[in-house]
Amino acid sequence: MNDKNSPIGIFDSGLGGLSVLVEILKVLPRERFVYYADSGFAPYGHKSREEIKERCYSITEILLKRGVKALVVACNTATSSAVEDMRRGFSIPIVGMEPALKPAYEANLPGKILVLGTPFTINEPKYQNLLKRFISNKEIVSLPCPGLVELIEKGDINSPELKSRLKELFRGLAPEEFSCVVLGCTHFIYLKSILREIIGAPVQFFDGNFGTARQLKRVLKQYGSIRDVNEPGNPEDQIVIDTSANPGQVIPLCHKLLSMLSDAEK
Ligand code: DGL
């Protein structure tokens, strides 16, 4: 186990995992982080299991070289394809994510539940098994969403292209029938306002971000590796961002989205 002062590694296929980082910062404000945006290889949702695993392993090696004490797979797609093997292959604690269908079901709201995820996540046995636990008592629509992650990666989360792609994906559905939307891809956190517009009726969103942050804290406590200094230090040092794409483009975009997400919470 690394030193308590070592950073926590977080990765995603790109910008989506920043929404997880924002939740983690609330729960673990004194920790330091290395965020890896694999934007050079996004999207993961159309890749094979082996291709996604290969990316997860390469990124984990990069983050281990930076001395991370724990790892958060801030991506539902990467979690369903690789997390179990990664836990067997690496000795640091690894926290993953899954679509927050259980809390949406337990909210017991009238109306249907809509689950949005990448084609990989929705078709995986991991999600299909989760669905089986709830589908007999509730109307749940699982919608694979090809094409969204690529558009979000362009950085304009209000682009007309993104709106029309989402509208296309909703074709054939009656959006007003959904009272709960499970955002089963960390990139989709950015789509809340477009989704509200399309659904047009009051809707509650569910995502796995807070649960993941809490789980990370539990795991760090268990390993005795919560950072116990009072100050996170220089804010610029608290979060280091790395990427497989053009850093000159991706890093400023990450900072912009991080402050947008933090402002939305205020
Ligand atoms: N943020 C990833 C997830 O949660 C997106 C995967 C992709 O790149 O397609 O599934």
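We find the CG-NE2 distance between N76 and H187 to be 11.0 Å, quoted to the nearest 0.5 Å. Expressed to the nearest 0.5 Å, how far CD1 of I140 lies from NZ of K132 amounts to 13.0 Å. The OH atom of Y44 sits 12.0 Å away from atom CZ of F120, with the distance rounded to the nearest 0.5 Å. Rounding to the nearest 0.5 Å places CG of L131 at 13.5 Å from NZ of K126.
At distances below 3.5 Å, at least one donor-acceptor pair connects side-chain atoms of D12 with backbone N or O atoms of G17. Side chain of K47 to main chain of F41: a donor-acceptor pair is present (N/O by atom type, distance under 3.5 Å, no hydrogens or angles). Remark: the backbone N or O of G9 is not paired with any side-chain donor or acceptor of Y36 at under 3.5 angstrom. In this structure, Q238 contributes its side chain and P29 its backbone to a donor-acceptor pair below 3.5 Å. At least one donor-acceptor pair closer than 3.5 Å links the side chain of E31 to the backbone N or O of R227. A distance-only check finds a donor-acceptor pair linking the side chain of S179 to the backbone of P110 [under 3.5 Å]. Distance alone, capped at 3.5 Å, places no donor-acceptor pair between the E61 side chain and the S58 backbone.
Considering all non-hydrogen atoms of both residues, V20 and M97 come closest at CG2-SD, 3.8 Å. Nearest approach of V182 to A100, heavy atoms of both residues: CG1-N, 3.4 Å. Nearest heavy-atom pair across C56 and T60 is O-OG1, 2.6 Å. Nearest heavy-atom pair across L15 and E153 is N-OE2, 2.8 Å. The minimum heavy-atom distance between T79 and C75, with the atom names listed, is OG1-O, 2.7 Å. Here the shortest heavy-atom pairing between G67 and S6 reads O-CB, 3.2 Å.
Between K4 and D228 there is a salt bridge, since at least one side-chain N of the basic residue sits less than 4.0 Å from a carboxylate O of the acidic one.
Under the ring pair (Phe, Tyr, Trp, His ring centres under 6.0 Å) criterion, Y57 pairs with F90, not counting sequence neighbours. Shown here are the ring pair (Phe, Tyr, Trp, His ring centres under 6.0 Å) partners of F210, two or more places apart in sequence or in another chain: there are none. Under the side chain to side chain contact (heavy atoms under 4.5 Å, CB included) criterion, E177 pairs with K112, A174, sequence neighbours left out. Judged as a salt bridge (Lys or Arg N to Asp or Glu O under 4.0 Å), and not counting sequence neighbours, the contacts of E168 are R165. Residues satisfying the salt bridge (Lys or Arg N to Asp or Glu O under 4.0 Å) criterion with K217, sequence neighbours excluded, are absent altogether. Residues passing the side chain to side chain contact (heavy atoms under 4.5 Å, CB included) test with Q249 are N246, sequence neighbours excluded. For E161, the side chain to side chain contact (heavy atoms under 4.5 Å, CB included) partners are L151, K154, S159, not counting sequence neighbours. By the salt bridge (Lys or Arg N to Asp or Glu O under 4.0 Å) test, E23 pairs with K26, sequence neighbours left out. For S193, the side chain to side chain contact (heavy atoms under 4.5 Å, CB included) test picks out N158, with sequence neighbours left out.
The side-chain heavy atoms of T212 and V72, taken from C-beta on, include a pair separated by under 4.5 Å. Counting only heavy atoms from C-beta outward, the side chains of I241 and H255 approach each other to under 4.5 Å. At a threshold of 4.5 Å between non-hydrogen side-chain atoms, the residues V240 and F33 do not count as touching. Contact check for I198 versus K167: side-chain heavy atoms found under the 4.5 Å cut-off. Taking the side chain as every heavy atom from C-beta outward, M260 and L257 approach each other to under 4.5 Å. Between D242 and R66 there is a side-chain heavy-atom pair separated by less than 4.5 Å. Residues L114 and F170 meet the side-chain proximity criterion, which asks for heavy atoms closer than 4.5 Å. Under the 4.5 Å side-chain criterion, counting only non-hydrogen atoms from C-beta, E150 is in contact with H46.
L143 and F206 fall into different hydrophobic clusters, where Ile, Leu, Val, Met, Phe, Trp and Tyr are joined by side-chain heavy atoms under 4.5 Å apart, directly or via other members. A single hydrophobic cluster is seen to contain both I239 and V27, as judged by linkage of ILVMFWY side chains at heavy-atom distances under 4.5 Å, directly or through other members. Linking ILVMFWY residues whenever their side-chain heavy atoms come closer than 4.5 Å, directly or via other members, places I94 and L63 in the same cluster. Hydrophobic clustering (side-chain heavy atoms under 4.5 Å, transitive across Ile, Leu, Val, Met, Phe, Trp, Tyr) groups L183 together with V22. Both I189 and L21 belong to a single network of hydrophobic side chains, linked directly or stepwise wherever heavy atoms of I, L, V, M, F, W or Y lie under 4.5 Å apart.
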key: Working for side-chain contact (heavy atoms from CB on, under 4.5 Å), residues Y127 and V115   = CA-CA 10 Å; Y127 172 71; V115 182; 3.4 Å; yes
side-chain hydrogen bond (donor to acceptor under 3.5 Å, both in side chains) evaluation trace for S19 with Y190: CA-CA 8 Å; S19 64; Y190 301 113; 5.5 Å; no
Item to complete: Test side-chain hydrogen bond (donor to acceptor under 3.5 Å, both in side chains) on D38 and S13 and set out the steps.
Response: CA-CA 4 Å; D38 200 19; S13 62; over 6 Å; no
D237 vs R32, salt bridge (Lys or Arg N to Asp or Glu O under 4.0 Å): CA-CA, chis, key distance, verdict: CA-CA 7 Å; D237 295 339; R32 291 159 60 236; over 6 Å; no
Determine, stepwise, if the pair T121 / T118 fulfils side-chain hydrogen bond (donor to acceptor under 3.5 Å, both in side chains). CA-CA 5 Å; T121 301; T118 66; 3.1 Å; yes
| message | As a quick check of understanding, evaluate side-chain contact (heavy atoms from CB on, under 4.5 Å) for V149 and C185, giving each step before the final call. | response | CA-CA 9 Å; V149 170; C185 167; 4.0 Å; yes
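Other members of the cluster containing L109 do not exist, because no ILVMFWY side chain is joined to it at under 4.5 Å.
For residues 136-165, no residue pair satisfies the ring pair (Phe, Tyr, Trp, His ring centres under 6.0 Å) rule, not counting sequence neighbours. Judged as a ring pair (Phe, Tyr, Trp, His ring centres under 6.0 Å), the pairs with a partner in residues 131-159 (not counting sequence neighbours) are, in order, Y105-F134.
Atom CD of E84 is surrounded by 12 or fewer heavy atoms from other residues, nucleotides or ligands within 6.0 Å. Counting heavy atoms of neighbouring residues, nucleotides and ligands inside a 6.0 Å radius, atom NZ of K102 does not exceed 12 of them. By the neighbour-count criterion of 12 heavy atoms within 6.0 Å, atom CD of E139 is sparsely surrounded, having that number or fewer from other residues, nucleotides or ligands.
With respect to F178, the side-chain contact (heavy atoms from CB on, under 4.5 Å) criterion is satisfied by exactly one of V141, L195, I113: V141.
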